[in-house]
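First the structure, in the form of structure tokens, and then the observations on it.
Start at 1 and go down the list; that is how both ligands and their atoms are numbered. Nothing fancy with the numbering, it's 1 onward along the sequence. Everything numeric here is computed off the predicted structure, so don't read it as measured data.
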Amino acid sequence: MTHRPGRHFLQIPGPTNVPDRILRAMDRPIIDHRGPEFARLGKEVLNGCREVFQTSEPVVVFPASGTGAWEACIVNTLSPGDRVLAFETGHFSTLWQAMARRWGLNVEFVPGDWRHGVNPEQLEARLAEDNTHAIRAVMVVHNETSTGVTSRIPEIRRAMNSARHPALLLVDAVSSLGSLEYKHTEWGVDVTVTGSQKGLMLPPGLAFNAVSRKAIAASKANRTPRSYWDWDEMLKANDRFFFPYTPATNLLYGLREAIAMLLEEGLQTVFARHRRFGDATRAAVRHWGLELLPLDSREYSNSLTAVVMPQGHDADHFRAIALERYDISLGSGLGKVTGVVFRIGHLGDFNDLMLAGSLAGVEMGLRAAGVPHRAGGVQAAMDSLSNETAPATAAHAVGSISAVTAIPLAKEAP
Ligand SMILES: *Cc1c(COP(=O)(O)O)cnc(C)c1O
């Protein structure tokens, strides 16, 4: 490959752009993972994770991709033969339930059209029928990265409560944590699964399970053999801020920085920023005259947008042209929607001008690929961004307080 000047636009919905600040934070010598310096790092990241998941419960961190976090969730809480309820919201829910089947679980997979999230009324009705409480867990993908549909977890929890059903609530928040509102404890989630390479702005390689007390109790009673993924071993070592085996030390340096960045900006500001990106991107798509894959506006994802190609046009052909001409990577259609949709990732370390640039790449790509559209979507997105003014960062919002604490005091120097 010859050199391509300028920056590549990585606008797939994960892995996302890793900010320089995180790259620099990871550029450090390896330390003894059983030494005192590691314990300080372990303490910071394990406590910091709880803030990002909005929980006071433990967060377990594995060296793995998000798929590993799925598996850890299953093998700790469930046993072969257990009945679980899952919903076909798209490609990722399909993969997760397939994994559950391979573990011998008895999966009830509610069919879906890949344009809607989990329907809380349907869930409540199904749980109400289950008067023997045979269903041990409900598995939900919060943000379906294949469709750009976000399921409403608080309503799902309410449905489970109204049905007075004791099933565990297992939630995949891989492409939502750190970009969309998410409250592990307040929403009554038992296990939240995520990975490092999406909203957390890190390279791939870390997998997370936030675990409720009820989930820990289920894991203690659960006889499924497990070793690498065992929460018990992990939590014992984590008590002293260590890990039972060699952790991904440098990714943990990155994680410490990512948590600091999210908390400096303020989680509410982060979520508001993504809402603006979602609104602006949808404004562009509507202006182009293209169709959004999600059909219910309550379920629009603010971390990515899935766009349906006009009949007779192939999404992968369009993506290939956009990549070749404008050096932008857009997300492909996955599974059932291969070739039918393309996805614009707008999550992570991202700002208004990066969005405008990305949407310009899409618009020029549509033109280059001969896809019928109305020019001016980028303008519509800019109008949307201008109308919804950028929220002040947390630092600005608290004004004088942070200004004072931000002044480096000589006596605090190491
Ligand atoms: C990316 C993603 C995964 C899979 O994570 P890997 O790190 O690729 O194993 C699972 N669920 C969702 C919703 C995702 O977006």
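Between Phe38 and Phe242, the ring planes lie parallel to each other; the angle is under 30°, not in the 30° to 60° tilted range.
A donor-acceptor contact closer than 3.5 angstrom links the side chains of Tyr182 and Thr192. Neither side chain, Gln122 nor Arg126, offers a donor N or O lying under 3.5 Å from an acceptor on the other. Asn143 and Ser301 share a side-chain donor-acceptor pair at under 3.5 Å. The closest side-chain donor-acceptor pair between Asp130 and His133, if any, does not fall under 3.5 angstrom. A side-chain donor from one of Asn302 and Arg282 sits under 3.5 Å from a side-chain acceptor of the other.
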Considering only N or O atoms, set out every pair between ligand 1 and the protein closer than 3.5 Å, with distances to one decimal place.
from     : atom 1 : to     : atom 2 : distance (Å)
ligand 1 : 7 (O)  : Gly66  : N      : 2.8
ligand 1 : 7 (O)  : Gln197 : NE2    : 2.7
ligand 1 : 9 (O)  : Ser65  : OG     : 2.6
ligand 1 : 9 (O)  : Gly66  : N      : 3.2
ligand 1 : 9 (O)  : Thr67  : N      : 2.7
ligand 1 : 9 (O)  : Thr67  : OG1    : 2.5
ligand 1 : 11 (N) : Asp172 : OD2    : 2.6
ligand 1 : 15 (O) : Thr145 : OG1    : 2.4
ligand 1 : 15 (O) : Lys198 : NZ     : 2.7

